[in-house]
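Below is one structure, written out as structure tokens; comments come after it.
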Number of protein chains: 2
Amino acid sequence: MAKANPARSCPVAAFQKMISGKYKLRIVWDLKDGPRRYGEIRSGLLRGANGSAEITPRVLSRELKALTASGLIARKDFGEVPPKVEYRLTRKGKSLVPVVAAIREWGERNLGEPAALADAAE
Amino acid sequence: MAKANPARSCPVAAFQKMISGKYKLRIVWDLKDGPRRYGEIRSGLLRGANGSAEITPRVLSRELKALTASGLIARKDFGEVPPKVEYRLTRKGKSLVPVVAAIREWGERNLGEPAALADAAE
DNA sequence: CAGCATCCTGCGTGATACTG
DNA sequence: CAGTATCACGCAGGATGCTG
């Protein structure tokens, strides 16, 4: 056992590392409906949750590259001018969608409403 | 609509924020089998994935407090001396376990083995 | 045993400006 | 349009030492 595969000893840590960052999961989620262009992704990824400021290109670029490197998304560059690039989920990325869905579901259920008032001793 | 609940607009972001940090999910996972003492959690949370260094008390303490504040775990302090404290999942925390399980499963399946050699164009 | 106090460092995130 | 370059900063995370 050369290096004791970290993913085996702790898949959660590996997962967290892979989707670290504030936008990776959101990007994956956005891409679940089909390919999207750089600008579209950017417009969809508004900060503040209410939708005001946009993510900076530097950050988006990094996230996109990281996701590509992870094999979750694929980059498709059309010709040259004017620049047009599409990103889409790979098979691996698609397999992640249900997981994200589970996360979203849990979040909606447990983070949307406080309701946690009667669990003092539970 | 005072502040446009972030969890509704983006549960994923809220989730990520709640379990931000390298150990929170692992702690939740460790606690799924029942209450555990501070030291037990600490011993179980080894760094490097192979199991060498331990998490520092400062960090563990912070994670534990954050999880408690989030309502995912509960702290039970037995008497005074010698100090004995147990942590256990709350109802909310337990509801998170399946999600973590899904994450683990995905991680084991997709991060354990490379296998991503034939997905150049997929 | 179960923490807290202090210091330090790298990195993730953001602002701003520029380019093919 | 789809990025890259540079600068700056806050904060997670770690090292050490001390305490009730």
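- Judged by distance alone, the side chain of Glu108(A) and the main-chain N or O of Pro11(B) form no donor-acceptor pair under 3.5 Å.
- Residue contacts for Glu86(A): at a heavy-atom cut-off of 4.0 Å it reaches no nucleic acid atom on any strand shown.
- The salt bridge (Lys or Arg N to Asp or Glu O under 4.0 Å) pairs that include a residue from residues 69-81 of chain B are Arg75(B)-Asp77(B), where partners are two or more places apart or lie in different chains.
- In this structure, NZ of Lys65(A) is placed 8 Å from P of dG3(D), rounded to the nearest angstrom.
- Side-chain atoms of Glu40(A) come within 3.5 Å of backbone atoms of Arg37(A) as a donor-acceptor pair (strictly under, hydrogens ignored).
- Considering only the side chain of Lys22(A), dT13(C) comes nearest among dT13(C), dG3(D), dG14(D).
- Side-chain atoms of Thr90(B) come within 3.5 Å of backbone atoms of Gly71(B) as a donor-acceptor pair (strictly under, hydrogens ignored).
- Contact between the side-chain N/O atoms of Tyr38(B) and the OP1/OP2 oxygens of dC4(C) is not found at any separation under 4.0 Å.
- Between Val85(B) and Arg62(A), it is Val85(B) whose nearest contact on DNA chain C lies nearer the 5' terminus.
- A heavy atom lying under 4.0 Å from DNA chain D marks the following residues of residues 30-37 of chain A, by number: Arg37(A).
- Note on ring orientation: taking the six-membered ring where Trp is involved, the planes of Tyr87(B) and Tyr38(B) are tilted (angle from 30° to 60°).
- Atom CZ of Arg88(A) sits about 13.0 Å away from atom CG of Leu72(A), to the nearest 0.5 Å.
- Among the atoms of the strands shown, none is found under 4.0 Å from any heavy atom of Phe78(B).
- Remark: P of dG20(D) and CD of Glu80(B) are 13 Å apart, rounded to the nearest angstrom.
- With hydrogens and angles ignored, the 3.5 Å screen pairs no side-chain donor or acceptor of Thr68(B) with any backbone N or O of Ala74(B).
- Regarding contacts with the backbone of dT4(D), a side-chain N or O of Ser61(A) is found under 4.0 angstrom from either OP1 or OP2.
- In this entry the distance linking CZ of Arg42(A) with C1' of dG3(D) reads 10 Å, nearest Å.
- Five base pairs at each end of the helix from dC1(C)-dG20(D) to dG20(C)-dC1(D) define two local axes, and these are offset by 50° (rounded to 10°).
- Among the atoms of the strands shown, none is found under 4.0 Å from any heavy atom of Lys24(A).
- For Glu54(A), the side-chain contact (heavy atoms from CB on, under 4.5 Å) partners two or more places apart in sequence, or in a different chain, are Arg42(A), Ser43(A), Leu46(A).
- Residue Glu63(B) has its side chain nearest to dG13(D) when only dG14(D), dG13(D), dG3(D) are considered.
- Tyr23(A) has a side-chain polar atom (N or O) that falls below the 4.0 Å cut-off from OP1 or OP2 of dG14(C).
- Atoms CD (Gln16(B)) and P (dG12(C)) sit 14 Å apart, rounded to a whole Å.
- Put simply, NZ on Lys17(B) is 13 Å from P on dT13(C), counting in whole angstrom units.
- Residues forming a salt bridge (charged side-chain N to carboxylate O under 4.0 Å, His left out) with Asp33(A) (at least two apart in sequence, or on another chain): none.
- Ionic pairing of Glu63(A) and Lys24(A) is present here: one or more N-O contacts between side-chain nitrogen and carboxylate oxygen are shorter than 4.0 angstrom.
- For the pair Asn110(A) and Phe15(B), the minimum side-chain heavy-atom distance is 4.5 Å or more.
- The backbone N or O of Arg58(A) sits nowhere less than 3.5 Å from a side-chain atom of Ser61(A) that would complete a donor-acceptor pair.
- Here the C1' atom of nucleotide dG3(C) and the NZ atom of Lys76(B) are 20 Å apart, to the nearest Å.
- Asp77(B) places its CG atom 7 Å from the P atom of dG3(C), with the value rounded to the nearest Å.
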Any chance you could list the contact pattern along nucleotides 15-20 of chain C? Use B for base contacts, S for sugar-phosphate-only contacts and - for none, protein heavy atoms under 4.0 Å, 5' to 3'.
B----B
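- Regarding Leu45(A), its CG atom lies at a distance of 10 Å from the P atom of dG14(C), rounded to whole Å.
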